[in-house]
Amino acid sequence: QVQLVESGGGSVQAGGSLRLSCAVSGATLRDTFIGWFRQAPGKQREGVGTIEPDTDYTFPVDSVKGRFTISADYTKNTLYLQMNKLKPEDTAVYYCAASQRRPRSWPDAVLDEYNIWGQGTQVTVSS
């Protein structure tokens, strides 16, 4: 059974940084289509970005380009999201999600196409 466990969330001031981790078990990260999503209070869950399996090629959404970096340590089977220059509008619960089949909309992060989700980790950015 594939499990995803996020960690690294917390509270920071605007302009600060956080690094989120997503530990993958029950599957090999190299073979998994995986991405980051977030859900802000009162809003729908949205994609943050994805990473091509077994590569360093990443596909962040426009709103986080230049600030957020997605990476993977395949030896540790762990996905990361480095978040810099955080803004109050980045406040959300952040999730990693995976699919063992190539999502139809890949590399776009379309949440309905991912069937394995972590529990999420809260990120709060104060102004």
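Computed from heavy atoms alone, side chains included, the values below leave out hydrogens, waters and symmetry copies. This structure is a prediction, so every number in the text was calculated from the model and none was measured.
Without hydrogens or angle criteria, Glu46 side chain to Gln39 main chain gives no donor-acceptor distance under 3.5 Å. Judged by distance alone, the side chain of Thr91 and the main-chain N or O of Val125 form a donor-acceptor pair under 3.5 Å. Looking at Thr50, its side chain does come within 3.5 Å of a backbone N or O of Pro107 through a donor-acceptor pair.
Judged purely by distance below 3.5 Å, without hydrogens or angles, the side chains of Gln13 and Ser126 never pair a donor atom with an acceptor atom. A side-chain donor-acceptor contact under 3.5 Å links Arg38 and Tyr94.
Considering only heavy atoms from C-beta on, Asn84 stays 4.5 Å or farther from Phe68 through its side chain. Considering only heavy atoms from C-beta on, Thr78 stays 4.5 Å or farther from Val24 through its side chain. In this structure, the side chains of Gln82 and Ser71 stay at 4.5 Å or more apart for every pair of heavy atoms. Side-chain contact between Glu113 and Arg101 is absent, with no heavy atoms from C-beta onward closer than 4.5 Å. Residues Ile34 and Leu29 are in side-chain contact: their nearest non-hydrogen atoms beyond the backbone lie under 4.5 Å apart. Thr58 is listed as a side-chain neighbour of Pro60, based on a closest heavy-atom distance under 4.5 Å. No side-chain heavy atom of Thr121 sits less than 4.5 Å from a side-chain heavy atom of Val93. Side chains of Leu20 and Val123 form a contact here, defined as non-hydrogen atoms less than 4.5 Å apart.
Ion pairing of Lys65 with Asp62 is present here, as a side-chain N (NZ or NE/NH1/NH2) and a carboxylate O approach within less than 4.0 Å. Between Glu52 and Arg102 a salt bridge is recorded (basic side-chain N to carboxylate O distance below 4.0 Å).
Under the 4.5 Å side-chain heavy-atom criterion for grouping Ile, Leu, Val, Met, Phe, Trp and Tyr, Met83 is not connected to Tyr80 through any hydrophobic cluster. Cluster membership for Trp117 and Trp106, using ILVMFWY side-chain heavy atoms within less than 4.5 angstrom, is shared. Note: the hydrophobic cluster containing Leu79 does not contain Leu111 (ILVMFWY, side chain heavy atoms under 4.5 Å, direct or indirect links).
You'll find the ring centres of Trp36 and Tyr95 outside the 6.0 Å limit. Aromatic pair Tyr114/Phe37: centroids less than 6.0 angstrom apart.
Listed by first and then second residue, the disulfide bond (SG atoms under 2.5 Å apart) pairs involving residues 47-91 amount to none (not counting sequence neighbours).
Atom CD1 of Ile116 sits about 4.5 Å away from atom CD of Gln100, to the nearest 0.5 Å. Here the OG atom belonging to Ser105 is positioned 9.5 Å from the CG atom belonging to Asp112, to the nearest 0.5 angstrom.
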